Amino acid sequence: MRANKALETALAAFVSERGWQWPDKTTVEPPKDKRFGDLATNLAMVLAPQAKANPRATAEDIAAHLRAACPDLAAVDIAGPAFINATFTPAFWQKTAAEAIEAGAAYGRLDAGAGKKVMVEYVSANPTGPLHIGHGRGAAVGDSLARILRAAGYDARTEYYLNDAGRQMRLLGTSVWVRAQQALGRDAELPEDCYKGDYIKDVAKIALERGGDALPAMDEAAAVDFCRQVAQDEILAGIKKDLEDFRCEHQVWFSEKSLLEAGKVEETFELLRSQGRAYDKDGAFWFRSTDFGDDKDRVLRKSDGSLTYFASDIAYHDDKYRRGFDLVVDIWGADHHGYVPRMSAAVQALGREAGDLRVILVQLVNLLQGGEQIAMSTRAGKFETLADVCAEVGADAARFTFLSRKSDSHLDFDLELVKQRSMDNPVYYVQYAHARINSVFRKAADEGVDAGRPDAATLARLDTEADLDLLRHLERYPDCVATAAESMSPHHVSYYLTELAGLLHRYYTVNQVLAAPDADTVRARLHLLAATAQVIRNGLDLLGVDAPEAM
RNA sequence: GCCCCCGUAGCUCAGUCGGAUAGAGCACAGGAUUCCUAAUCCUGGUGCCGCAGGUUCGAUUCCUGCCGGGGGCACCA
């Protein structure tokens, strides 16, 4: 039923009746202060240039129009400079409960995305070691964003770009081979730029088992390659498991190597060259990214003949668009922000609009324990990895915490706090609201109370301020989904849910449900709780957090 | 030096498109449960929205400069 829509429609009718244009700067939104009604609009003020009249006078005309045209409105007031404050009837809000119950999991689904194909590429960490907590934040953001976009009506797919070619993988193979030789008692030294984590030794053991007698007898190149393959398989299996445990789905694992083997990178080179966007210089092959605002041109093929990471990444993005994606979203660590202008340039050189690529930068996570910073060095600290953190605090708490801040601001992740069941850690506050409601339902079932269908006559019992506060917030849930999708910011959902849970807890404390004064009120309140539980479930689902029936 | 992000209550942070007296939680103090889960609720007060200009009916929000914190400036990824 959408209060905004109802009001906007009535306002638009007024504007066109007068033969005026709807001003872009018009806002129709809930005011900060409840005293100003349910929705406020600045229309009279932004209409002033066209109306050529005192905004207050225009406001009077608008108010009169609304009172006549909109039966759902209980009051229309004018306040301040010329704000128009609209208050809806209780009956209007009460319908929200029925809507949420009837729509169920679909409540809050929108068609804003109009089926537009969006790819969310996220995590995409090199398979050279286990995922750490920073990857975890990117994982939570990417997965949740995909869920939100789907709810908003986009056809969103998820993908992991697997850097299985190139220098880092060779270094990985070398690292494992050195450790394997050391395990064999040979004299071998780990080069400076190799991977030093203890997990490399574990992989070396596996390589030795799997290679049998053949591995020690191999020549250097063959051994390194064998070790690289074993390492990649092992580490990737670990990454997949970690992501699964963290409830992150990647529908496609896209191999960089496959791109190279299919000649896609060379194809992209030729495309760029033919359009004058690339050239040879100093023995290297360059992309003219400065044509699209980058600071300097970028190398695609180095003078030693090897390719840069950027080269295959361009080919990969080209492939994404060729597969029909209208919009490509990349989730990157904020330390890669310097990479944005060149990727944007590449996308434009491929013939797309700059807006067809959205890069979400995820800031670093500051891992703490009881306020003390835990060093995030290369050494294997106890809770450095995503898997360890997950085991320690649980996926629900970890995900909610990651999604409780704007992704581009730094996040303190304190293991002590995230384990705690306090308002420092709102995940339990929200989950508890859901569990409490279900506890009432269990009791209702025990007592043989059946709420029946949420008809208007019953819902009319929801007429107190507390009832209406809750109803109004439920009505705004679709707006929350719209905002989160539009700004690609999952944290809006966590804030919404924390607020909704607060309203529920307050309501619960004051209003007895099963012991309400009469049977109709009991049923009405059960409906209100059912609607609230539904919205909590829907919202938590967007964050990938469970909604437990009991705690 | 250049570029990006951040700066809002003692702490951690919200505040798409400029709006009315700038919000929440935590912390601190006091109170609430013979009753559907007290993992809850209620009552207390706090702000030169980093600083200085500009844009306008109106700026925490937009623009410019400066200060402070973080990050990035590779023929690495």
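Just so you know, these numbers come straight off a predicted model, no measurement behind them. Letters A, B, ... mirror the listed sequences (proteins, then strands); counts begin at 1.
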How far does the [atom1] atom of [N] sit from the matching atom of [M], given to the nearest Å?
N	M	atom1	result
B/rA52	B/rG30	P	40 Å
B/rC26	B/rC66	C1'	34 Å
B/rC67	B/rC48	C1'	16 Å
B/rG65	B/rG19	C1'	27 Å
B/rG18	B/rC36	P	50 Å
B/rG47	B/rA9	P	11 Å
B/rU21	B/rU60	C1'	15 Å
B/rG7	B/rG44	P	30 Å

Using a heavy-atom cut-off of under 4.0 Å over every strand shown, decide if [X] touches base, sugar-phosphate, or nothing.
X	answer
A/Ala433	nothing
A/His336	base
A/Tyr339	base
A/Tyr508	base
A/Arg167	sugar-phosphate
A/Asn511	base
A/Ala482	nothing
A/Gln168	sugar-phosphate

Task: Quiz item: A/Ser303 side-chain donor-acceptor pair to B/rC75 base, under 3.5 Å - done: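 Donor-acceptor pair under 3.5 Å: yes.
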
Open item on the list: Can you tell me how far apart CG (A/Leu474) and CG (A/Leu500) are? Round to the nearest 0.5 Å.
Closed with: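 Reported value, rounded in 0.5 Å steps: 5.5 Å.
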
Open item on the list: Can you work out whether A/Val299 or A/Val513 has the more 5'-proximal nearest nucleotide on RNA chain B?
Closed with: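 Its nearest nucleotide lies further toward 5', so the answer is A/Val513.
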
TODO: Taking atom CG of A/Asp111 as the centre, report whether more than 12 heavy atoms of other residues, nucleotides or ligands fall under 6.0 Å from it.
DONE: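 For A/Asp111, atom CG is not crowded (no more than 12 foreign heavy atoms under 6.0 Å).
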
Ion pair check, [X] and [Y], cut-off under 4.0 Å:
X	Y	value
A/Arg523	A/Asp520	yes
A/Arg273	A/Glu266	no
A/Arg537	A/Glu549	no
A/Asp518	A/Arg461	yes
A/Lys320	A/Asp330	yes
A/Asp318	A/Lys264	no

Open item on the list: Aromatic contact between A/Phe83 and A/Phe36, with the criterion being ring centroids under 6.0 Å apart: yes or no?
Closed with: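 No, they do not, as the ring centres are separated by 6.0 Å or more.
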
Taking only side-chain nitrogens and oxygens of [X], does any of them come within less than 4.0 Å of OP1 or OP2 of [N]?
X	N	result
A/Arg506	B/rC42	yes
A/Arg436	B/rA38	yes
A/Tyr429	B/rC41	yes
A/His491	B/rG15	yes

Task: Where protein sits on nucleotides 18-23 of chain B, one letter per nucleotide: B base, S sugar-phosphate only, - none, heavy atoms under 4.0 Å - done: -BBB--

TODO: Could you run through nucleotides 1-12 of chain B and give me one letter per nucleotide, 5' to 3': B if any protein heavy atom sits under 4.0 Å from the base, S if only the sugar-phosphate is that close, - if neither?
DONE: --BBS------S

In whole Å, what is the span from the [atom1] atom of [X] to the [atom2] atom of [N]?
X	N	atom1	atom2	result
A/His492	B/rC13	NE2	P	17 Å
A/Arg342	B/rC75	CZ	C1'	12 Å
A/Lys296	B/rC76	NZ	P	10 Å

Open item on the list: How close do A/Gly134 and A/Val365 get, counting heavy atoms only, and between which atoms?
Closed with: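 That would be CA-CG2, 4.3 Å.
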
Task: Heavy-atom pair with the smallest gap, counting every atom of A/Glu159 and A/Ser124 - done: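 Heavy atoms of A/Glu159 and A/Ser124 come nearest at O-OG, 4.5 Å.
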
Open item on the list: Among B/rC36, B/rA74, B/rU16, which nucleotide has an atom closest to any side-chain atom of A/Glu486?
Closed with: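 Per side-chain heavy atoms of A/Glu486, the pick is B/rU16.
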
Task: Residue A/Ala284, side-chain heavy atoms: nucleotide from B/rA77, B/rC35, B/rC75 that is nearest - done: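 Out of B/rA77, B/rC35, B/rC75, the nucleotide with an atom closest to A/Ala284's side chain is B/rC75.
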
- [ ] Assess the side chains of A/Gln420 and A/Tyr428: does a donor N or O sit below 3.5 Å from an acceptor N or O?
- [x]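 No, no side-chain donor-acceptor contact under 3.5 Å.
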
- [ ] Kindly indicate whether the side chain of A/Leu540, heavy atoms from C-beta on, has any atom under 4.5 Å from the side chain of A/Phe400.
- [x]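 With C-beta onward as the side chain, the pair touches.
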
TODO: Name all stems that contain residues of RNA chain B, defined as runs of 3 or more consecutive Watson-Crick or G-U wobble pairs, both distances under 3.5 Å.
DONE: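 Looking at RNA chain B, the stems formed by three or more consecutive pairs are B:1-7 with B:67-73, B:10-13 with B:23-26, B:28-32 with B:40-44, B:50-54 with B:62-66.
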
Task: A/Phe292 and A/Phe287 aromatic ring geometry - parallel, tilted or perpendicular at 30°/60° bounds - done: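 Geometry flag for A/Phe292 against A/Phe287: parallel rings.
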
